[in-house]
Peer 1: 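Mind having a look at this structure? Questions to follow.
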Amino acid sequence: MKKIVVFLGAPGAGKGTAAAAVASSTGARHVSTGAMLRDAVSRGTPAGLEAKSYMEAGGLVPDEVLYKMVGELLADAPDGTILFFDGFPRNVAQAEALSGLAASGGAEVAGAVCLDVSKDALLARLGGRRVCPTCGAGYHVATLPPKKEGVCDKCGAALVVRADDQPATIAHRLEVYEKATAPVIGFYETSGALRRIDASGPAADVAALVENAVKALV
Ligand code: AMP
């Protein structure tokens, strides 16, 4: 059986950073639907062409695009894999669909971890975020700076600000989160497999809390 742990939290809560850190310390696989979509956009695939305009505006890409992508990924994952889902499900319809997608792919949803951060902290984090366009590594000018300013530690490429981390788009993404994604927390709370984490501290502390929560779920 493959097992899925869903990472929940607002944009900027640190889902990607924590999922990447805990995946590397536990051997789980980090699945970021945002990163997969950005890759599809840069390669110009049919899914990428469909997703591009929604992503640039900070809105949600149509559910069907995600279902196809996630369904294929689950079917391809070897048995026994633990998958950390970062960015999916992003609305209640996707959360409901995930159970069916998991069953078809020989997987089950073990539960969800929610990273809680205040709105002021989210805005500060999103404004300082930098990413490597080549290998996808994430940084922050204040809390997680690269060794050399503006340069990726892992592959040496010049770091960039994501197109959807511009101030106007950030505000819209937070609105979309409140309206569409926050209700997903209630969905997993009802199913009894939700762990909430105070994610306001440094990345290493958050990763340790997340690792404990994940171990309690899988
Ligand atoms: P992220 O890197 O998770 O912040 O995702 C970046 C963008 O990709 C989002 O603002 C959405 O436009 C799109 N996206 C990622 N995951 C999903 C999803 N599950 N449903 C719809 N759109 C998504």
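The structure presented is a predicted model; accordingly, all values stated were derived computationally and were not measured.
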Peer 1: Quick one: does Tyr67's side chain have a donor or acceptor within less than 3.5 Å of a partner on Leu101's backbone?
Peer 2: no

Peer 1: Are Phe187 and Val109 connected in a single hydrophobic cluster, I mean Ile/Leu/Val/Met/Phe/Trp/Tyr linked by side-chain heavy atoms less than 4.5 Å apart?
Peer 2: yes

Peer 1: Flag the pair Lys68 and Glu72 as a salt bridge only when some basic side-chain nitrogen lies within less than 4.0 angstrom of an acidic carboxylate oxygen.
Peer 2: yes

Peer 1: To the nearest 0.5 Å, what is the distance between CG (Leu8) and OG1 (Thr181)?
Peer 2: 9.0 Å

Peer 1: Output yes when a side-chain donor or acceptor of Asp86 lies under 3.5 Å from a complementary backbone atom of Val31, and no otherwise.
Peer 2: no

Peer 1: Are the side chains of Val113 and Phe84 in contact, using a 4.5 Å heavy-atom criterion?
Peer 2: no

Peer 1: Is there side-chain contact between Val184 and Gln94, with heavy atoms separated by less than 4.5 Å?
Peer 2: no

Peer 1: Hey, does Leu83 have a side-chain heavy atom less than 4.5 Å from the side chain of Leu73?
Peer 2: yes

Peer 1: Taking the side chain as C-beta and beyond, is there a heavy-atom pair between Cys152 and Thr134 under 4.5 Å?
Peer 2: no

Peer 1: Kindly indicate whether the side chain of Leu217, heavy atoms from C-beta on, has any atom under 4.5 Å from the side chain of Lys3.
Peer 2: no

Peer 1: Rounded at 0.5 Å granularity, tell me how far CD in Glu211 sits from CD1 in Ile197.
Peer 2: 11.0 Å

Peer 1: Side chains of Tyr54 and Val65: closer than 4.5 Å at any heavy-atom pair?
Peer 2: no

Peer 1: Is there a path of hydrophobic side-chain contacts, each under 4.5 Å between heavy atoms of I/L/V/M/F/W/Y residues, joining Tyr188 to Val22?
Peer 2: no

Peer 1: Quick check for you: to the nearest 0.5 Å, what is the distance between Arg29 atom CZ and Phe85 atom CZ?
Peer 2: 8.5 Å

Peer 1: Quick one: does Arg90's side chain have a donor or acceptor within less than 3.5 Å of a partner on Leu60's backbone?
Peer 2: no

Peer 1: Test side chain to side chain contact (heavy atoms under 4.5 Å, CB included) on Val214 and Thr26 and set out the steps.
Peer 2: CA-CA 10 Å; Val214 166; Thr26 61; 5.8 Å; no

Peer 1: What closest approach, in Å, do Arg173 and Pro11 show between heavy atoms, and which atom pair accounts for it?
Peer 2: NH2-CB, 3.7 Å

Peer 1: Can Glu56 and Lys52 be counted as an ion pair, charged N to O under 4.0 angstrom?
Peer 2: yes

Peer 1: Side chains of Asp198 and Ser200: is there a donor and an acceptor less than 3.5 Å apart?
Peer 2: yes

Peer 1: Check whether Val5 and Leu209 end up in the same hydrophobic cluster, where Ile, Leu, Val, Met, Phe, Trp and Tyr are linked by side-chain heavy atoms less than 4.5 Å apart.
Peer 2: yes

Peer 1: I'd like to know if the side chain of Thr169 and the backbone of Gly58 have a donor-acceptor N/O pair within less than 3.5 Å.
Peer 2: no

Peer 1: When you compare the side chain of Phe88 with that of Ile4, does any pair of heavy atoms fall below 4.5 Å?
Peer 2: no

Peer 1: Nearest 0.5 Å, what's the OG1-CZ distance between Thr45 and Arg43?
Peer 2: 5.5 Å

Peer 1: Can Gln166 and Val161 be said to form a side chain to side chain contact (heavy atoms under 4.5 Å, CB included), step by step?
Peer 2: CA-CA 8 Å; Gln166 308 298 334; Val161 176; 3.8 Å; yes

Peer 1: Starting at CZ of Arg38, measure out to OG of Ser32 and round the result to the nearest 0.5 Å.
Peer 2: 5.5 Å

Peer 1: Donor-acceptor check, side chain of Lys15 to backbone of Gly9, threshold 3.5 angstrom: yes or no?
Peer 2: yes

Peer 1: Looking only at non-hydrogen atoms, find the nearest pair between Val151 and Gly156 and report the distance.
Peer 2: CG1-O, 3.6 Å

Peer 1: So which heavy atom on Leu74 is nearest to which on Ala107, and how close?
Peer 2: CD2-CB, 4.2 Å

Peer 1: Just by distance, do the side chain of Asn91 and the backbone of Ala180 share a donor-acceptor pair under 3.5 Å?
Peer 2: no

Peer 1: Take Tyr139 and Asp153 through the side chain to side chain contact (heavy atoms under 4.5 Å, CB included) test and state the conclusion after the steps.
Peer 2: CA-CA 10 Å; Tyr139 298 90; Asp153 290 345; 3.5 Å; yes

Peer 1: Please report the shortest heavy-atom distance between Ala157 and Cys132, naming the atom on each side.
Peer 2: CB-SG, 3.8 Å

Peer 1: In terms of side-chain geometry, is the basic nitrogen of Asp165 or Arg130 positioned less than 4.0 Å from the acidic oxygen of its partner?
Peer 2: no

Peer 1: Same cluster for Val218 and Leu194 if Ile/Leu/Val/Met/Phe/Trp/Tyr side chains link at under 4.5 Å?
Peer 2: no

Peer 1: Do side-chain atoms of His140 reach the backbone of Arg125 as a donor and acceptor pair under 3.5 angstrom?
Peer 2: yes

Peer 1: Do Ile170 and Val176 share a hydrophobic cluster (ILVMFWY, side-chain heavy atoms under 4.5 Å, transitive)?
Peer 2: no

Peer 1: Search all heavy atoms of Pro133 against all heavy atoms of Leu159 and return the closest pair with its distance.
Peer 2: CD-CA, 4.4 Å

Peer 1: Treating Lys154 as the side-chain partner and Cys135 as the backbone partner, does any N or O pair qualify as donor plus acceptor under 3.5 Å?
Peer 2: no

Peer 1: Measuring from atom CG of Leu115 to atom CG of Leu122, what distance do you get when rounded to the nearest 0.5 angstrom?
Peer 2: 10.5 Å

Peer 1: Grab the two heavy atoms, one from Ala51 and one from Leu37, that are nearest each other, plus how far apart they are.
Peer 2: CB-CD2, 3.9 Å

Peer 1: Contact between Arg129 and Leu126 at the side-chain level, heavy atoms closer than 4.5 Å - yes or no?
Peer 2: yes

